[in-house]
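Reviewing the structure listed below.
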Amino acid sequence: MDALHTFHSTRPLWALLVSLLAIPLIVATGERHRNLRETWTILAAVAKTVLVWSMLPWVLQGRVPEISLWRITPSVELALRVDTLGLVFAIVASTLWLLTSLYSIGYVRGAGEHKQTRYFASFAMCLHATIGIAFAANLVTFLIFFEMLSIATYPLVIHKETPVALAAGRKYLSFVLPAGLMLLLAVVLTASIHPGGLDFQAGGFLSGDDASRVLLRWIFLFFILGVGVKAAIMPLQSWLPAAMAAPTPVSALLHAVAVVKAGVFGVLRVTGYVYGPHLLKDIGVWTALAWFAGVTLTVASLLALRQDNLKRRLAYSTVGHLSYIVLGAAILTPYGLIGSVLHLMFHATMKITLFFCAGAIYVRTHKEQISDMVGIGRQMPITMGAFAVGSLGLAGIPGINGFFSKWNLALGTAQGGQWIFLGLLVLSGVLNAAYFFPIVQQAFFRRNPEFSSYGEASMWMVVPLALTALMSLVLGLAPNLAAHAWDLARAVSAAVMGGAG
Amino acid sequence: MSVKWTSRLWAGAGTALATLVSAVGVAAAAGHEMAQAHGDLSAIHGAATQSPDAFQIPAMVLAPLLIGVVLVPALGRLRRSLAYQVTVVVFVAYLAVALKALTTVLAHGTLHYKMAGWMPPVGIEWTLDALSAFVVLVLAVVAVMVAIYSGVAVRRQNPEREVPFFSMMVVMMLGLTGMVMTGDLFNLYVFFEVSSLSAYALMAVGDRKAPVSSFRYLLQGTIGASSYLMGVGYLYVLTGSLNMADVASLLPHLLGNPALTVALVLMVAGLGLKMALFPMHLWLPDAYTYASSTSTAIIAPVMTKVSAYVLIRMIYFVFDSNWVLSDLHLGFVVTWLAMAGVIWGSVMAIAQRDVKRMLAYSSIAQVGYIGVGIGTGNPWALVGAILHIMNHATMKSSLFMVTGIVEMQTGTRRLQNWNGLGRKMPWTFLAFTLAALAMVGVPPTNGFFSKWYLALGLAGAKQWVLLVLLVLSSLLTAGYFFRLLERIYARTGEDVGSGSARVGEAGDGGVREDGGANADGVKLAGASGSGIAGARDPGLALLLPPLLLGVGTLVLGLVNAWFVTEVIAKALPAALRIPGLGG
Amino acid sequence: MDGFEVFFVEKWPYLATVLMILIGLYGMVLKRNLVKKLIGMNIFQGAIILFFIIHGWKRGATVPVYDEAFGDLPANYVNPIPHGLMLTAIVVSVATTGVALALLSLIYKRFGTLEEDELLRELRAEPAGAPSSGEMASQREDVEGAEPDDGGQR
Amino acid sequence: MSGHFSAVFFVLALLAAIVALKVKDLLAAAVVLSLFSFLVALLYVSLGAVDVGFNESVLGAGVTGILFVIAIFNTRRRSRD
Amino acid sequence: MIRPKETIITDHVVRVMVPFIQIFAFYVIFHGHYSPGGGFQGGALLAGSVLLQRVVLGAERSQIGFPTRLGIPFGALGILIYAGVGFLAMLDGGNYLQYDHLPFGMTPVYLRNTGILLVEIGVAFAVTGTLVSIYDDLVNFERRDDQAEMHSAGSREDA
């Protein structure tokens, strides 16, 4: 790995702002010119994706674009820096936003959703915040965008404005706001013990000399409580299934990609860039985190088995898979981290495929229960085909990208000698298969006379879901294609673990 | 006809207050006259050191207001609408001078102004340092905004009181500015009363119950002010001086004296009462709720804040903060009382069904934050407290103004009638939402940063419990604001009854509100008659001030570091300077 | 009498003020009638003014007006500064009283009583957040005059 | 003038204050309050504060008294306590 | 109720006393700066004389002495004088209320004298205007009540 060298560039800023700038346009256009309004969204998404991808070559060369805006507190600047990990997250978020935008158009029109302007505007805001999280160069900037994301998601969760949705919204807030406060607490405490600045640093910027171990442990707890809610670590997960009351594209992007991934991204940042493996081992909190993650991924898979509502089952599956990533970050081995970063990307493509499929089914048939979906595969072959790809991938079948990340995770546990976690990983993989395969199986191999009049959903929806499924497949075969996922993950791991020696 | 008497009452009271203002000068003079008789003039009357250019600034800050006190009632008598116009002009001039004052102070350092040219220990001194210039600027901004807003609001709600209302407003700002700028303990008391008296009068206008709450406030406020005066008396007995700087320089020799403790406690108690520190907040909810929306919009953001400012002055500039906070354990008392206020105010706010009352209780909570910052004695906490003076002023005035707008447009301020208003009045509620988010402390609004510095201070002072409470208290704030925001945006006005039946009103603790009864046959005097169904955004004059302040919460949040490094860091007392920050 | 005078000089200010303040506070807090509360307030303020004046006083000194017999020595005059201050304080207290009395008249006109407990009853009788009618009330009373039933209640 | 007078005035003033608070007839209370003010004014004079005494007698005893009386006429004369 | 009770004695006493009180008031004002007294007391005395008329002669007849509508302007005038003196001194390069910088072309000692005197007059006017208008406001209550609610007035009197 070359020595990182940072340079000033406005490109991260533009990548950040482009969706924010789209919001006034979206709002001003309003309901009167739907096509124009959607054009803004698509344009912003394309621009954002292009901008983010354009930074990939730099990062692969070890050059880090950076921009400092102004001082947000006397000692900390509002600054953006596109390091490897941030870029990974940004690539996932922006690319999938583009696809989701296309899909959304089909979905909201197909399902006749109301207040579409607010919907698209909030969506753009969420993406703004997500990219902000990805590019944040220090804890304060991170915190600001993290909170912004929490708030911007709220209108999407309650979008349907039904009592259920409102209740879900309340639940969401009652988890996310305390979490934000915990994060604030953690950051404030960090600032008070480490006044020199809060810039993220591969390998961690805190050291054991900054404060007593007890305090460091407390701060770590607050950090994990703060980001862990979004990452849906087990006792804090229950908002996620509830938030499935939101429209499917929201669930797809936000609750499979942006919001929850912001949570696990936060975990990675905290473990790798604030504390660093060395200090974590020193204060010994990593085992606790790993155990939480391990329990979560097992229990969530068990819970997923019991869900009949498709989106809820997907939600629990998400909970489980997020913990894979957390586990990878927690066990503090190079391969674990590689697996973690890879799973951050790969899980996104697979899970978004599944959500897209669920949405397509809902729009076409208004069915949400798995038991009602018997035989649907024959009516919607592309959709269910994509679903099959996604679920196979999540179960870790070789040939699809999920296998690749899981393999690395498993290697990581082995590397650290954590055989119990390896066992849990395997068990969870089996459970994954157990709750996904029946869906696929009954969709394709059982008949249902009721299903005769349905066909595929509109092209707006089918194309994106096919694309994401294809992506999963391709990445499974050639993980280093296009996004250089493998290289990036290795770079992250090397940077973080390198510091620890 | 009663219209006539109230307006005259107002004007009468206004003049009374103005008299007090004049008294300021004479009270000082009274002392000098005697000295003059002794012929030792030269000893007292030194040559005022006149740095050219800047030295008149402190007087210039008060000048527009003093002129306004005369002009507003006088011209208002000619034509009623002139009162409004003159007020706005006066306040804009005030704002301009305040800006100039701040820049001057930042460039040249503290300005001392010897009124009537007498040297400080005897004469009255006006001090304009970074802290007072900062607070004056906050006052000026709020004054301008509320004045613009009040033009239409007062005309619609109680047109016959236009002239007295604006006279009072100017007098109140005069009093508050005087409190902020004066360097003399007794002078401060006089301005204290000037602002309070006009506030009593302003608060008496409003609901049927307004005079009762105003009277209660008057009694309690008088106890507070008298307690402060008593404290000043003790200090005077001990030091023989009333000049703050002078007293401060004399006090170190007296630290063991129990009378000094008594003086301090009396002053803190008096000021605490005026700033609604926890057990002494009883006057606030009623007073804010029943006063007219314009009165509340001008009083709520500034009144308690200026008292808090004075508390800062006393503890950190007159007394030795270390002695006060640690040796006397007053810091402990103040912080915990303030924190109790935060919790209590927030909890009570959640229980309210009247939006204005909810905001009133949240004011108690927010003042509590300032109190926590003052009592902690950590530089960062103090930064947070000072910053929160500005931040809370912007948020609260915006919120109260929006409440007033809704009251005018729909005739209601009951929580449940706000359902779905967000769509009907998008711009109004944009302001409200921004300010509400700032109250909750969502970054990057300014509310977040006051909390940030407070938390930093508490962490620095190792007050872990307080730190956790501080952070958790924003949850309570979030509780009542998001409940309201949910109503505003996510529910429709039509399902008032059915909605509560269906959801069981989870947000309102399952209590079914007597909603049907309140479809409010009653409308406000100023209501445009369209009711809830036809509510829409008001005109620009009403809309712009809250909107600007709402957006201001965002902007102030983003540029808070500038304020902290350039202004507040310079405003900190010498003992608490943060190394590497400011001057 | 000398002992008495010494006591008088040294402790008198505190004793006197505290006594009078207590009486004033008693009136403000425990009396149920609002006028009585106001009277208490006046006494309270008077006590504080007295405190200042007493402290300005020196034994054997004279009125702070230049007098040939006493010459230039400031020690021979009562400290004039508290006097100047208290002039202002008295005006303040009168202004406060004026405003308070105006409020009282207004309260009486609206509620027909100045007894605190009756007022509280009246206030509670109104539905909690009820017609939040802001300015409404004050205008309505122009039509209604005082409360219709206030004559009967007495 | 010395302490003797002051003490007498003070005691009388205290008595007046108590009476003003005890009397049930508000008008009487107002008058006694004026008396209180006047006694306090005398006290001030005896303490050397001539101008304050002067002011107090005019404002405290005179104007305040008048204002009270007017207000009591406007409202109700009898108090419960 | 303050109703004019037309008794000759009070009437005449007031007529005789008021001019004296007012003269005394002016004396107090003008000599305030070197003897006990000053703007406050003088103003209060002036106000007292007006109030005496109001109380004894009744609101209508006392209008001749000092019309109600003059109260506020009178007070405003007082402030104007006070503030004006202050700012005049500033115009001439002094501080606010620094009397020896008043542009009157006198020696500093006289200037100070004049300045203080002017301020005292201003204060006196302000105090007078204020107190009288507070009184008038309170009385207006009662007059209004008389007209609007005779019925309750009756019950009030026997209370």
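Fair warning: this is a prediction, and the values are worked out from it, not measured in the lab. Residue numbers start from 1 in every chain, and the chains themselves are labelled A, B, ... in the order their sequence lines are given, proteins ahead of strands.
- The nearest pair of heavy atoms linking B:A561 to A:P74 is CB-N, 4.1 Å.
- Heavy atoms closer than 4.5 Å to chain B are found in the side chain of A:Y154, but not in its backbone.
- When each of B:G441, B:G460, B:S474, B:A478 is checked for heavy-atom pairs under 4.5 Å with chain A, B:S474 comes out on top.
- Of the atoms belonging to A:V140, it is side-chain heavy atoms, and not backbone ones, that fall under 4.5 Å from chain B.
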* Check step by step if side chain to side chain contact (heavy atoms under 4.5 Å, CB included) holds for B:F448 and A:L143. => CA-CA 11 Å; B:F448 169 76; A:L143 173 60; 3.5 Å; yes
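- Looking only at side-chain heavy atoms (C-beta outward), A:S174 and B:F482 stay at 4.5 Å or farther from each other.
- Each of A:L173, A:L78, A:L69 has some count of heavy-atom pairs under 4.5 Å with chain B, and the biggest count is that of A:L173.
- Of the candidates A:L189, A:V188, A:V187, A:V188 is the only one forming a side chain to side chain contact (heavy atoms under 4.5 Å, CB included) with B:L456.
- Within a 6.0 Å radius of CH2 in A:W40, no more than 12 heavy atoms belonging to other residues, nucleotides or ligands are found.
- Between B:P444 and A:M148, some side-chain heavy-atom pair lies under the 4.5 Å cut-off.
- Of the listed residues (A:L184, A:I151, A:I144), just one forms a side chain to side chain contact (heavy atoms under 4.5 Å, CB included) with B:P443, and that residue is A:I144.
- Only the side chain of A:I158 comes within less than 4.5 Å of a heavy atom of chain B; its backbone N, CA, C and O stay farther away.
- Only the side chain of B:L437 comes within contact range of chain A, judged by heavy atoms closer than 4.5 Å.
- Checking side-chain atoms of B:N560 against main-chain N and O of A:I72 turns up a donor-acceptor pair under 3.5 Å.
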* To do: Run the numbers on A:R71 and B:V559 for side chain to side chain contact (heavy atoms under 4.5 Å, CB included), then give the verdict.
  => CA-CA 8 Å; A:R71 288 185 179 282; B:V559 302; over 6 Å; no
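- Proximity to chain A is absent for every atom of B:F563, based on heavy atoms less than 4.5 angstrom apart.
- Heavy-atom distances place both the backbone and the side chain of A:L177 under 4.5 Å from chain B.
- Side-chain N or O atoms of A:W70 include one that pairs as donor or acceptor with a backbone N or O of B:L558 at under 3.5 Å.
- Side-chain contact between B:L467 and A:L185 is present, with at least one heavy-atom pair separated by less than 4.5 Å.
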